Amino acid sequence: MSDSVVTQSDIVDFLVSQHGISKAQSTRIVQSLTDYFTISLANGHRVRLSGIGTLEVHASKERMARNPATGEMVEVPAKRRVRLRVSSELKRAVNA
């Protein structure tokens with residue numbers, strides 16, 4: 001397995017090469033999508049990306065955990081986390 005990472009810049013370059021749009025236009029599109037996903041998730045909506053999966057916010061409860069450095073028990077506050085439920089199409093493509 002490769003350790004390479006696809007970055008936002010790679011996505012911008014891909015859009016430029018595939019659709020013949022300017023790099024500035026491509027950057028605005030990618031940033032707009034990122035902003036829309038963030039706003040939607042912050043407002044409690046799910047983001048379903050066909051063929052990829054569904055992004056959704058999950059609330060984790062407050063819990064007690066152990067500090068590995070000191071062994072002391074500490075309280076971990078409740079928080080909201082983003083989860084990606086991967087589509088079966090993507091799972092099949094990755095495992096093909």
Side-chain angles (χ1 to χ4, degrees):
M1 182 165 17
S2 172
D3 285 337
S4 65
V5 175
V6 175
T7 65
Q8 184 169 325
S9 178
D10 295 329
I11 296 168
V12 167
D13 292 341
F14 178 79
L15 289 174
V16 169
S17 70
Q18 293 294 306
H19 299 287
I21 59 178
S22 73
K23 193 164 188 167
Q25 289 173 315
S26 181
T27 300
R28 283 194 302 273
I29 290 168
V30 172
Q31 189 58 54
S32 292
L33 286 171
T34 302
D35 293 345
Y36 187 69
F37 295 162
T38 301
I39 291 166
S40 297
L41 290 165
N43 288 325
H45 301 287
R46 281 188 228 136
V47 177
R48 184 170 296 137
L49 303 169
S50 182
I52 295 174
T54 303
L55 290 165
E56 56 192 358
V57 176
H58 169 76
S60 65
K61 296 179 182 176
E62 183 178 286
R63 63 187 175 87
M64 295 300 290
R66 188 172 310 276
N67 180 333
T70 64
E72 176 185 1
M73 293 300 288
V74 294
E75 189 175 301
V76 177
K79 61 178 121 178
R80 296 169 50 177
R81 300 170 186 262
V82 177
R83 285 188 176 170
L84 171 62
R85 288 189 335 187
V86 180
S87 74
S88 56
E89 296 168 48
L90 182 57
K91 288 178 187 176
R92 276 194 299 273
V94 168
N95 289 304

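None of the values given here were measured: they were computed from a predicted structure. Side chains included, hydrogens not; waters and symmetry mates left out as well; all remaining heavy atoms used.
- Alongside Val76, the hydrophobic cluster contains no other residue (criterion: ILVMFWY side chains under 4.5 Å).
- Phe14 forms part of no hydrophobic cluster, judged by ILVMFWY side-chain heavy-atom separations under 4.5 Å.
- Checked against side-chain hydrogen bond (donor to acceptor under 3.5 Å, both in side chains), His58 has the following partners two or more places apart in sequence or in another chain: Arg83.
- In this view, Lys61 satisfies the side-chain contact (heavy atoms from CB on, under 4.5 Å) rule with no residue, not counting sequence neighbours.
- With sequence neighbours excluded, the residues that form a side-chain contact (heavy atoms from CB on, under 4.5 Å) with Thr70 are Asn67, Glu72.
- For the pair Arg48 (side chain) and Thr54 (backbone), a donor-acceptor distance under 3.5 Å is absent.
- Minimum interatomic distance between Ile52 and Leu90 (heavy atoms only, all atoms of both residues): O-CD2, 3.6 Å.
- Under the side-chain contact (heavy atoms from CB on, under 4.5 Å) criterion, Arg85 pairs with Glu56, sequence neighbours left out.
- Pairs engaging residues 86-96 under the salt bridge (charged side-chain N to carboxylate O under 4.0 Å, His left out) rule: none recorded [sequence neighbours left out].
- Residues Ser60 and Arg81 approach most closely at OG-NE, 3.5 Å, considering heavy atoms.
- Annotation: side-chain contact (heavy atoms from CB on, under 4.5 Å) contacts of Leu41 (sequence neighbours excluded): Val47, Leu55, Val57, Val82.
- In this view, Ser22 and Gln25 satisfy the side-chain hydrogen bond (donor to acceptor under 3.5 Å, both in side chains) rule, not counting sequence neighbours.
- Qualifying salt bridge (charged side-chain N to carboxylate O under 4.0 Å, His left out) partners for Asp10, counting only residues two or more places apart in sequence or in other chains: none.
- Residues forming a side-chain hydrogen bond (donor to acceptor under 3.5 Å, both in side chains) with Asn95 (at least two apart in sequence, or on another chain): none.
- Put simply, the side chain of Val94 does not reach to within 4.5 Å of the side chain of Val86, judged on heavy atoms.
- Shown here are the salt bridge (charged side-chain N to carboxylate O under 4.0 Å, His left out) partners of Lys23, two or more places apart in sequence or in another chain: Asp13.
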